[in-house]
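First the structure, in the form of structure tokens, and then the observations on it.
Start at 1 and go down the list; that is how both ligands and their atoms are numbered. Worth knowing before you read on, the calculation uses all heavy atoms, side chains too, and leaves out hydrogens, waters and symmetry mates.
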Amino acid sequence: EISIVGLQASGKTSFVNALGLGQWSEDVVPTVAFNLRKVKRNNITFKIWDVAGQPKFRTMWDRYCRGVDAIVFVVDAHDREKLPTARFELHSLLDKQELMGVPLLVLGNKSDLPDFMPVEELIRALDLNTIRDRPVSCYSCSMKSSHNLDIVLKWLAERAK
Ligand SMILES: Nc1nc2c(ncn2[C@@H]2O[C@H](COP(=O)(O)OP(=O)(O)OP(=O)(O)O)[C@@H](O)[C@H]2O)c(=O)[nH]1
Ligand SMILES: [Mg+2]
């Protein structure tokens, strides 16, 4: 069981589509509230909460992250202006007592676009080094080009079902 959170338009639904259907589309409808998706890959069935990222839905994030095997936080690594907001929302979420210890995977998505932020820059901009109460990983990826999707799938398979 996995929960996927992150700001709007970072590519969460695109991620679930890439994992589940192997499909890419330019026009994805913004998620309202959440979608529960089941994705079967390599004999593992993942139960995935694809949660909406628009401001009015962010207070729901922690509810969908309780008791999951891993939290995936998706960032648009092409959009530097949104980084402070992403950092704030990520740390607000992780401060929740009941989410202590839940493994975190941060995805710097849209690596197909020019001038995207590499992992080292994301780690710094999101203050990932200050997170000490859980395992944290951070990868670049692209739902459009499928860059690193194999590594991400492997990470998930080791932690969540
Ligand atoms: N170039 C590029 N565009 C992407 C990538 N992933 C997603 N997008 C685009 O980004 C836009 C938003 O994608 P969504 O998957 O709907 O984003 P979301 O995080 O689910 O957004 P909310 O549901 O509103 O929280 C869409 O137009 C996608 O086509 C990527 O890897 N590269
Ligand atoms: Mg969505």
Requested in this report: Report, in ascending order of atom number, the atoms of ligand 1 lying under 4.0 Å from any heavy atom of L113.
Outcome: 1 (N)
Query raised in the report: Quick one: angle T31 OG1 - the Mg ion (ligand 2) - T13 OG1, to the nearest 10°?
Result: 90°
**Report entry** E120 with R124: basic N within carboxylate O range, under 4.0 Å
**Finding:** no
Query raised in the report: Considering only heavy atoms, does T13 approach ligand 1 within less than 4.0 Å through its side chain, its backbone, both, or neither?
Result: both
Query raised in the report: Hey, are the side chains of F15 and I48 touching, using non-hydrogen atoms and a 4.5 Å cut-off?
Result: no
Query - Numbered atoms and elements of ligand 1 in range of S142, under 4.0 angstrom, heavy atoms - result: 31 (O)
Query raised in the report: Between N109 and ligand 1, which part of the residue brings a heavy atom under 4.0 Å of the ligand: side chain, backbone, both or neither?
Result: side chain
**Report entry** Location of contacts on W24 toward ligand 1, heavy atoms closer than 4.0 Å
**Finding:** side chain
Query raised in the report: Tell me, do L94 and I131 make a side-chain contact under 4.5 Å, heavy atoms counted?
Result: yes
**Report entry** Mode of S25 contact toward ligand 1 - side chain, backbone, both, neither (heavy atoms, under 4.0 Å)
**Finding:** backbone
Query raised in the report: Would you call D79 and K110 a salt bridge, using N to O less than 4.0 angstrom?
Result: no
Query raised in the report: So, R66 and D62, do they make that salt bridge, N to O below 4.0 Å?
Result: yes
Requested in this report: Would you check whether V29 has a nitrogen or oxygen atom less than 3.5 angstrom from a nitrogen or oxygen atom of ligand 1?
Outcome: no
**Report entry** Q8-ligand 1 polar pair, N/O distance under 3.5 Å
**Finding:** no
Report summary line: A student checking ligand 1 against P30 at a 4.0 Å heavy-atom cut-off should list atoms 23 (O), 24 (O)
